[in-house]
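Protein chains get the first letters and strands the later ones, always in sequence-line order, with residue 1 at the start of each.
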Amino acid sequence: MSPAIPTFPDRVYRVVAHIPHGRVTTYGLIARSLGAPRSARMVGWVLRRTPPEMNLPCHRVVNRIGLLSGGWHFGHPDIMRDLLRDESIPFRDDYQVDLSTCLWNPADDPDLDSRHVP
DNA sequence: GCCTTGACGGCAA
DNA sequence: GTTGCCGCCAAGG
């Protein structure tokens with residue numbers, strides 16, 4: 001049978017699904033954990049096409065400075081901001097989270113096999 | 001079939 | 001410290 005090679009979107013979904021409650025990560029960290037440190041943009045492209053049926057915590061993904069760059073994709077940045085605030089995620093500004101205390105690195109999760117084979 | 005945009009990031013000037 | 005450009009890959013006009 002087909003080995004079911006995990007596609008790029010599948011890997012992104014898996015990482016996002018493993019983001020702990022009350023924590024956030026960045027597009028760059030996700031891309032880097034997938035072995036494509038320069039494809040952070042692709043992560044955002046994948047998340048934009050994320051089916052809502054997956055119920056992925058895509059609101060826990062922010063850019064490298066903690067800004068809710070994808071807030072408008074939830075209808076309004078306030079929606080994303082409210083979701084994060086509901087998880088007690090500290091905010092530095094109205095639309096910027098404090099990565100210093102809630103940043104989560106996918107590579108730090110032992111459950112994730114983010115090791116890319118040569 | 002070509003050009004522009006896009007939920008980004010790193011580096012140079 | 002700020003501003004701008006390039007890279008990456010795909011979809012839309």
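The separation of B:dC8 from C:dG1, taken at their P atoms, amounts to 24 Å, rounded to a whole angstrom. Spacing of C1' atoms, C:dT3 relative to B:dA7, comes out at 22 Å, to the nearest Å.
You can see that DNA chain B meets the heavy atoms of chain A within a 4.0 Å-exclusive cut from B:dG6 to B:dG10, reading 5' to 3'.
Whole-Å rounding puts the A:Trp45 CH2 to C:dA10 P distance at 7 Å. At whole-Å resolution of the value, CZ in A:Arg38 and C1' in C:dC8 are 9 Å apart.
For A:Arg60, the salt bridge (charged side-chain N to carboxylate O under 4.0 Å, His left out) partners at least two apart in sequence or on another chain are A:Glu87.
Under the 4.5 Å side-chain contact rule for hydrophobic residues, A:Val97 and A:Val16 do not share a cluster. Note: the hydrophobic cluster containing A:Val61 also contains A:Leu56 (ILVMFWY, side chain heavy atoms under 4.5 Å, direct or indirect links).
When atom types are taken as modelled, the side chain of A:His76 and the backbone of A:Trp72 share no donor-acceptor pair closer than 3.5 angstrom.
Considering every non-hydrogen atom in both A:Tyr27 and A:Gly70, the closest pair reads OH-N, 4.2 Å.
Within the nucleic acid shown, A:Arg64 comes within 4.0 Å of sugar-phosphate atoms alone, with no base atom in reach, counting heavy atoms only.
Rounded to the nearest 0.5 angstrom, A:Ile30 CD1 and A:Met42 CE are separated by 13.5 Å.
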